[in-house]
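Just below is one structure, and these are the notes that go with it.
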2 protein chains.
Amino acid sequence: MFSKACEYGIKASIFIAINSFEGKRVSPKEIAEEIDSPQAFTAKILQALVRHGVINSVKGAYGGFEIDKKDIALIKLSQIVNAIDGDKIYNGCGLGLHTCDENRPCPVHDKFKVVRDELKHMLEHTSLEELALNIKSGASFLKTIT
Amino acid sequence: MFSKACEYGIKASIFIAINSFEGKRVSPKEIAEEIDSPQAFTAKILQALVRHGVINSVKGAYGGFEIDKKDIALIKLSQIVNAIDGDKIYNGCGLGLHTCDENRPCPVHDKFKVVRDELKHMLEHTSLEELALNIKSGASFLKTIT
DNA sequence: TTTAATTAAGACAAATTTATCTTAATTTAA
DNA sequence: TTAAATTAAGATAAATTTGTCTTAATTAAA
Ligand code: SF4
Ligand code: SF4
C-alpha cells in the first residue's frame, strides 16, 4: 500500500510538526535518528515534501526543516502520500490493483471499494496536528525502544 | 498493499475457479491471456498457489490447473494473499508500515487500524465462489476491452 | 566579505520485485 | 514403450525501489 518512502515521509512530517510547534528547525540527521530511517534517503524524501509545499526548508546556519505553525492543523496525510507516491490512490485502485473502469469493474471491486474509500477518507481527514499531539501526550511513538 | 504477484494470483484463481465449475482445466497460457498478465511470471505464481494447496495442478496431456469444485466456496482471498505475499497482513501493520508493538503504537495506528481490520475482515470473508459468480453473471470482468 | 553551516541535486550502488528463458520432471495416450 | 503434452524448477535479466556518496548552491553570522 505505502512505500517505505511514504512511511518515512509521514513520520518525518510528524517529527517536524512537533518541533515546529516549539519554533525549532530540525536537520535530516536529527529526523532520521528520531524516526529510525536511512539518513540520505530520508533527505531525498524531505526534498520532495519541500517541492510539494508540504514542509519548508531553510538553508544555511541555523537552518533546517520546519512547517508553518498555522499550517500544521491543515496538512492532511493525503497530501504527504500524494507528494511521495503520487496520485495513485486517486487514479484507479487504491489497493494496488490496476487502474480500472468503474463501469467494467474487476471481480473484487465491490469488496475492495469499501476498504479503499475508508482509507481515502481517513487520509483526507487525519491532520498532522492530531498525530503530533498524540506523540506529545505519550500516546504514540515514532520508533521502538532501542 | 498488494504486489503484482498477488494481483495476478487473485485473478488467476478466479479464472481457474470459473473453469473448474465446468470441469475444465486451464493452462498458464490461457490464464495469462485471460487475465492479461505475463505468462512465465504467472506460471511461477501458480506454482506457489499449488504448493500452498490453494489450487491443484495436473501434469501431462490434458493436464492443467484446477480447483476442487467443493473447495471453491471455501477458499478465501486471504488464503491467496497469504500464499503469495506471506503473512505480513497478519504480522504487524497491514498497511505496509513497520511491524509494531500494539503497546507502543506509531502515531497513525488508531487511524490505520480501522482500515487494516476492515481489509483483513474482507479478505477473510470473500470467497472465490462469489467472485467467480460475479464474472459469470457479467457483473465484473477480468480484463479491459482490447 | 568570508566562512561555516546547511539543504539541493545528481550520480551511483544495492536490494527487491517483476519478468523471461531454458531445461527437467511427469503424465497421458497412442 | 515411446512420443507428445504438460507443469516444475532454476538460472538469468530487466525494472523499480531503496539507499549512499559526492559535489553544488544557498544562507546567516562573524
Ligand atoms: S478493485 Fe475496483 S478499483 Fe481496484 S482494480 Fe478492481 S475494479 Fe479497479
Ligand atoms: S499503524 Fe499500527 S499496525 Fe501499522 S505500524 Fe503503526 S502502530 Fe503498527
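Quick note on labels: first sequence line is chain A, next is B, and so on, each numbered from 1. Quantities reported herein were computed from a predicted structural model and do not represent experimental measurements.
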Next on the checklist: Would B/Leu119 and B/Val115 count as a side chain to side chain contact (heavy atoms under 4.5 Å, CB included) here? Give the steps.
Outcome noted: CA-CA 6 Å; B/Leu119 171 63; B/Val115 181; 5.5 Å; no
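- Side-chain atoms of B/Ser137 come within 3.5 Å of backbone atoms of B/Asn134 as a donor-acceptor pair (strictly under, hydrogens ignored).
- Regarding B/Ile84, its CD1 atom lies at a distance of 13 Å from the P atom of C/dA19, rounded to whole Å.
- Taking 4.0 angstrom as the limit, A/Tyr8 places none of its side-chain polar atoms (N or O) nearer than this to OP1 or OP2 of D/dT18.
- None of A/Ile55, A/Val26, A/Val58 except one satisfies the side-chain contact (heavy atoms from CB on, under 4.5 Å) rule with A/Glu66; the exception is A/Val58.
- Interface residues of residues 40-54 of chain B facing DNA chain C, ordered by number: B/Ala40, B/Phe41, B/Lys44; criterion, heavy-atom separation under 4.0 Å.
- In this structure, B/Phe2 and A/Val108 have side chains that are not in contact, with every pair of non-hydrogen atoms separated by 4.5 Å or more.
- Put simply, the side chain of B/Leu46 reaches to within 4.5 Å of the side chain of B/Ile16, judged on heavy atoms.
- One finds no side-chain N or O of B/Ser57 lying less than 4.0 angstrom from the OP1 or OP2 phosphate oxygen of D/dT6.
- To the nearest angstrom, P of D/dT17 lies 15 Å from CZ of A/Phe2.
- Rounded to whole Å, atom C1' of C/dT20 lies 10 Å from atom CD of B/Gln39.
- Of the residues in residues 59-68 of chain B, B/Lys59, B/Gly60, B/Ala61, B/Tyr62, B/Gly64, B/Phe65 come within less than 4.0 Å of DNA chain D through at least one heavy atom, sorted by number.
- Between the NZ atom of B/Lys4 and the C1' atom of C/dT16 there is a distance of 16 Å, given to the nearest Å.
- Here the C1' atom of nucleotide C/dA8 and the CG atom of A/Asn56 are 15 Å apart, to the nearest Å.
- The two residues B/Ala73 and B/Ser127 have their closest heavy-atom pair at O-CB, 3.4 Å.
- In this structure, CD1 of A/Ile55 is placed 10 Å from P of C/dT7, rounded to the nearest angstrom.
- The nearest whole Å value for the distance from the NZ atom in B/Lys29 to the C1' atom in D/dA5 is 13 Å.
- Of the candidates B/Asn19, B/Ile75, B/Ile18, B/Asn56, B/Ile75 is the only one forming a side-chain contact (heavy atoms from CB on, under 4.5 Å) with B/Ile67.
- At its two ends the helix from C/dT1-D/dA30 to C/dA30-D/dT1 runs along axes set 0° apart, each axis drawn from five pairs and the angle rounded to 10°.
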